[in-house]
Amino acid sequence: MLQLGVGLGSGMLTRAQELRTLGKPLSGYGERSPYVKAARTTRQSKTPEAGSSASPLAEQYGILTPSALHYERHHAGVPAIDPAQHTLLIHGLVNRPLVFSMADLKRLPSVSRIHFLECGGNSGSEWQPKTGVDVQRSYGLASCSEWTGVPLRTVLELVGLKPEAKWMIAEGADACRMQRSVPLGKELDDAMLAYGQNGEPLRPEQGFPLRLLTPGWEGNIQVKWLRRLHVTAEPYYVRDETSKYSDLMPDGKARVFTLMQEAKSVITFPSGGQRLPGAGRYEVTGLAWTGRGKITRVEVTFDGGQTWQNAPLDAPVLRKAFTRFRLPWVWNGKPAAIASRATDESGYVQPTREELIAVRGTNSGFHFNGIKVWNIGADGSVTHVEA
Ligand SMILES: Nc1nc2c(c(=O)[nH]1)N[C@H]1C(S)=C(S)[C@@H](COP(=O)(O)O)O[C@H]1N2
Ligand SMILES: [Mo]
């Protein structure tokens, strides 16, 4: 068994002496310790501006992703927007088309809430075998922040929806003018026009100065650098909701507007690429989330799914937010297959990869939420299972 801690010895004195040198002076905006190296890994598309960067979730504590490590997905780079010049136009099937400045929006009653954001393409590599080597690369297109903004409902009340209004086309101010058709309905009760993230203005990468936030739905519809809401009776069927972010089924038909991010979880420690230094005490931990509301249960298996036990959830469990589970564990040094399985308040249970593929096939790269198994070898190495 690996021993925890060392007995008192002369080495302690040397360490105390180091602390006698004067430290760095004060600073206006803090930086993390130079010893901390966690970083986003980037994957570029054909141009350097388009692509995604994945959050190092295995190195995240608690449920909040540091803003500087929030995953990114840009189709045309990060625009540099002066908030004093930025406006939001709301028009179409409304009684009073209006243009809001950022200052106008900030005069309206605001809310702050913690919500996860996940790309519909997160874990897309898990549909294919021999992929998903670590948490960052296969689960890192998800993050969780505290968002502040104006409830969408408030601004829609100000413009006044006409009875025929059923959709709104959200449009970004980036070079690709990214658009998505958003169905208007009860699901938007908790939607907001967000300008704050983790206590400060949105990061440029997250849509500064304004983004649409529709908690629980796929990231793509949460349009960043939001400059226009066109209220319509029908969707536009734009590229990102037809050829992309739709689910091609085994029969060749595609499901469109599959916006909900279903219950999902992953063990972040021990996880792929890590190594347990020896048998003994550890804390198994990970993250669970669901677009349908609260996570009610996370079970963990150490024997590849034959037996499961409940993992305690950090309180409070928040709606549509990362939920942290932790379970003390003594590793006996023998090979193990560990995995987590989430259940949400709708009763939905996270399926195995095989169950998911039996229904959805492998044509689609989107909305993978199957159970992820990590193998622990006798040497302590943690690897993904080659499905
Ligand atoms: N205007 C605009 N909005 C956008 C995008 C974009 O490229 N342009 N990417 C979308 C996609 S695909 C995702 S997954 C999320 C990513 O949000 P994040 O970069 O803040 O993590 O933003 C969405 N909103
Ligand atoms: Mo996305």
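Indexing begins at 1, ligand by ligand and atom by atom, following the structure's order. FYI, side chains are in, hydrogens and waters are out, and symmetry mates aren't considered; it's all heavy atoms of this structure.
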Are there any N/O pairs under 3.5 Å between ligand 1 and the protein, and if so, what are their distances?
from	atom 1	to	atom 2	distance (Å)
ligand 1	1 (N)	D174	OD1	3.0
ligand 1	1 (N)	D174	OD2	3.1
ligand 1	1 (N)	K224	O	3.0
ligand 1	3 (N)	K224	N	2.9
ligand 1	7 (O)	H75	N	2.7
ligand 1	7 (O)	H75	ND1	2.7
ligand 1	8 (N)	D174	OD2	2.6
ligand 1	9 (N)	R73	O	3.2
ligand 1	17 (O)	R211	NH2	3.1
ligand 1	19 (O)	R73	N	3.1
ligand 1	19 (O)	K224	NZ	2.5
ligand 1	20 (O)	Q206	NE2	3.1
ligand 1	20 (O)	R211	NH1	2.8
ligand 1	21 (O)	H70	ND1	3.3
ligand 1	21 (O)	Y71	O	2.7
ligand 1	22 (O)	R211	NH2	3.3
ligand 1	24 (N)	Q222	O	3.2

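Inspection of the S181 and E241 side chains reveals an N or O donor paired with an N or O acceptor under 3.5 Å. Side-chain contact of Q60 with T268: a donor-acceptor pair under 3.5 Å is absent, judged by distance alone.
The salt bridge (Lys or Arg N to Asp or Glu O under 4.0 Å) check on D82 picks up nothing, with sequence neighbours excluded. Legend: residues meeting ring pair (Phe, Tyr, Trp, His ring centres under 6.0 Å) with Y245, ordered by chain and number and at least two apart, are F366. Checked against salt bridge (Lys or Arg N to Asp or Glu O under 4.0 Å), E200 has the following partners two or more places apart in sequence or in another chain: R203.
Counting heavy-atom neighbours within 6.0 Å of R32 CZ, excluding the residue itself, gives a total above 12.
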